[in-house]
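Input: a single structure, listed below in structure tokens.
Values in this document were obtained by computation on a predicted structure and should not be read as measured data.
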Amino acid sequence: MRALPMAVSRGAVACATPAAAAAAVPRRSMLLSTAAAGAALQSDPIRLMSTPKLKLRASAGAAQAAATSFSSNDEAFTWAKKDNRRLLHVVYRVGDINKTIKFYTECLGMKLLRKRDIPEEKYTNAFLGYGPEETNFAIELTYNYGVDSYDVGAGFGHFGIATDDVAKTVELIRAKGGKVTREPGPVKGGKTVIAFIEDPDGYKFEILERPGTPEPLCQVMLRVGDLDRAISFYEKACGMKLLRKRDNPEYKYTVAMMGYGPEDQNAVLELTYNYGVTEYDKGNAYAQIAIGTDDVYKTAEVVKLSGGKVVREAGPLPGLGTKITAILDPDGWKSVFVDNIDFAKELE
């Protein structure tokens, strides 16, 4: 098994030029390779500046960024809360994409929304979910040629799927050969019926009993070393709301649900703090969450004011023009913000 270049988070090889990537990927599907394009942009800014067209884009981006300055931090954080945002998709790597697609569609009831193979860049993507990407949270799977396994790490927790009947869902998963790691029953310290299963790559899924939800793909759980710090960052930098917070001293952990709308109607980010644990090994399997925004330039500025790290400055993707910015939270978890209008155009 070959080693995965860590600079690449979507499957494109690190040495690929932006021009080659633009030529290799059809316009409609290229937006969701934002992480790979962002890595290329960061790793070789001089090469990008060699194209006059890109020079003009960079100049226009710099001018727009300069014009977005807020008069105060409060103004910036208020703007972030009013920005039109939602969770678009979550990105992670798998060792056998066809096997994973089969498991998700047959056992978890997802639909394969689209799939693309990019042999020039030696990777394949598949997008799955319970509804169209224009309105629903989705999964983006990445398979890098020749890489058959990844380290999920200790920091990533699980994905959440809401269903009308947990017991029935678990039995279907078991019948299809899925691995059930926690039988259906009430959650510790609560009443909600849950179960846990694992997919072929070892990613955990929490199956929650929540009848009639419009968003079955409902959670991404990540572990953090300082919960209050993480909550503050996602409120200020990402404009999320703290939907609820629950401490479980008996089991020595605290959780906080963060999102852009009611938990029973939208996908949310679940942050978990385990007593006394301040750092986690993140592995190389989980990649990032993508979030829609009306202005990536303002978003990047707010992140910086919040103490976050911008790892891909706001601006258009080479060869395409879709505007993005990529950030890290205080624990090193990555998010990519994508311009809402550009995203809509990509899905036309």
Checklist entry - How far apart are the C-alpha atoms of L317 and R312, what are their side-chain angles, what is the distance that settles it, and do they pass the side-chain contact (heavy atoms from CB on, under 4.5 Å) test? => result CA-CA 10 Å; L317 288 171; R312 199 284 188 187; 3.9 Å; yes
Checklist entry - Given the rule in the side chain to side chain donor-acceptor pair (under 3.5 Å) test, do Y260 and D83 qualify, once you have shown the distances and angles that lead to the verdict? => result CA-CA 10 Å; Y260 296 109; D83 187 23; over 6 Å; no
Next on the checklist: side-chain contact (heavy atoms from CB on, under 4.5 Å) for M258 and E235? Distances and angles first, verdict last.
Outcome noted: CA-CA 8 Å; M258 310 291 299; E235 284 182 324; 3.7 Å; yes
Next on the checklist: Does Y143 form a side chain to side chain donor-acceptor pair (under 3.5 Å) with D96? I'd like the steps, not just the answer.
Outcome noted: CA-CA 7 Å; Y143 167 68; D96 185 332; over 6 Å; no
Next on the checklist: Quick one, F127 with I139, criterion side-chain contact (heavy atoms from CB on, under 4.5 Å). Give me CA distance, side-chain angles, the key distance, then yes/no.
Outcome noted: CA-CA 6 Å; F127 301 83; I139 282 172; over 6 Å; no
Next on the checklist: Does K115 form a side chain to side chain donor-acceptor pair (under 3.5 Å) with N98? I'd like the steps, not just the answer.
Outcome noted: CA-CA 10 Å; K115 182 181 179 183; N98 291 324; 2.6 Å; yes
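E209 contributes a side-chain N or O that, together with a main-chain N or O of V166, makes up a donor-acceptor pair within less than 3.5 Å. Side chain of D281 to main chain of G283: a donor-acceptor pair is present (N/O by atom type, distance under 3.5 Å, no hydrogens or angles). Between the T213 side chain and the D264 main chain, a donor and an acceptor come within less than 3.5 Å of each other. Checking side-chain atoms of R246 against main-chain N and O of T254 turns up no donor-acceptor pair under 3.5 Å. Although no hydrogens or angles enter the test, the distance criterion places no donor-acceptor pair under 3.5 Å between the side chain of S232 and the main chain of R229. D331 places a side-chain N or O within 3.5 Å of a backbone atom of G225 that can act as its donor or acceptor partner. Using modelled atom types, no side-chain atom of E206 and backbone atom of I161 make a donor-acceptor pair closer than 3.5 Å.
Minimum interatomic distance between D342 and G321 (heavy atoms only, all atoms of both residues): OD2-O, 3.7 Å. E215 and F137 get closest at one heavy-atom pair: OE2-N, 2.9 Å. Closest heavy-atom contact between A314 and A300: CB-CB, 4.1 Å. D117 and P119 get closest at one heavy-atom pair: O-CD, 3.3 Å. Closest approach of L112 to T105, counting heavy atoms only: N-CG2, 4.1 Å. Of all the heavy atoms in L271 and I231, the pair that sits closest is CD1-N, 4.4 Å.
In this structure, M240 and K81 have side chains that are not in contact, with every pair of non-hydrogen atoms separated by 4.5 Å or more. Put simply, the side chain of L172 does not reach to within 4.5 Å of the side chain of T169, judged on heavy atoms. For the pair E250 and K252, the minimum side-chain heavy-atom distance is 4.5 Å or more. Taking the side chain as every heavy atom from C-beta outward, L113 and E133 approach each other to under 4.5 Å. The shortest distance between side-chain heavy atoms of C238 and F337 falls below 4.5 Å. Residues D226 and D228 meet the side-chain proximity criterion, which asks for heavy atoms closer than 4.5 Å. With a 4.5 Å cut-off on side-chain heavy atoms, F70 and K298 count as touching. Considering only heavy atoms from C-beta on, D339 stays 4.5 Å or farther from T322 through its side chain.
Rounding to the nearest 0.5 Å gives a distance of 4.5 Å between CZ of R85 and OG1 of T293. Taking CD1 of I289 as the start and CD of E140 as the end, the distance is 12.5 Å to the nearest 0.5 Å. Taking CD of Q288 as the start and OH of Y92 as the end, the distance is 13.5 Å to the nearest 0.5 Å. For the atom pair CZ (F159) and CD (E270), the distance works out to 12.5 Å, reported to the nearest 0.5 Å. The CD atom of E279 sits 8.0 Å away from the NZ atom of K282 when rounded to the nearest 0.5 Å. Once rounded to the nearest 0.5 Å, the distance linking OG1 of T272 with CG of L227 reads 8.0 Å.
Salt-bridge annotation for E171 and R174: present, with a side-chain N of the basic residue lying under 4.0 Å from a carboxylate O of the acidic one. Electrostatic pairing of D164 and R210 does not count as a salt bridge here, judged by no charged N lying under 4.0 Å from a carboxylate O. E263 and R244 are joined by a salt bridge, as a carboxylate oxygen and a charged side-chain nitrogen come within less than 4.0 angstrom of each other.
For the residue pair D151 / N284, no side-chain donor-acceptor distance below 3.5 Å is found, with atom types taken as modelled. Remark: the Y150 side chain and the N144 side chain contain an N/O donor-acceptor pair separated by less than 3.5 Å. Looking at D247 and Y275, their side chains do bring a donor and an acceptor atom within 3.5 Å of each other. In summary, the side chains of K323 and N340 do not present any donor paired with an acceptor at a separation below 3.5 Å, with no hydrogens or angles considered. Side-chain contact check for T325 and T299: no donor-acceptor pair (N or O, by modelled atom type) lies under 3.5 Å.
In terms of hydrophobic clustering, with Ile, Leu, Val, Met, Phe, Trp and Tyr side chains grouped at heavy-atom distances under 4.5 Å, V220 and Y130 are assigned to a common cluster. The cluster map of Ile, Leu, Val, Met, Phe, Trp and Tyr, joined by side-chain heavy atoms under 4.5 Å apart, puts L217 and L141 in the same cluster. Residue L269 is not grouped with residue V255 when hydrophobic side chains (ILVMFWY) are merged at heavy-atom distances under 4.5 angstrom, including chains of intermediate members. There is no path of hydrophobic side-chain contacts, each under 4.5 Å, that joins F233 to Y280. Linking Ile, Leu, Val, Met, Phe, Trp and Tyr residues whenever their side-chain heavy atoms come within less than 4.5 Å places I101 and F205 in a single cluster.
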Would you give me the side-chain donor-acceptor pairs under 3.5 Å for residues 193-201, sequence neighbours excluded?
from, atom 1, to, atom 2, distance (Å)
D199, OD1, D201, N, 2.9
D199, OD1, G202, N, 3.0
D199, OD1, Y203, N, 2.9
D199, OD2, Y104, OH, 2.6
D201, OD1, G95, N, 2.8
D201, OD2, T100, OG1, 3.1

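With sequence neighbours left out, S72 forms a side chain to side chain contact (heavy atoms under 4.5 Å, CB included) with D74, E75.
Taking the six-membered ring where the residue is Trp, W333 and Y286 present perpendicular rings, their angle passing 60° and hence far from 30°.
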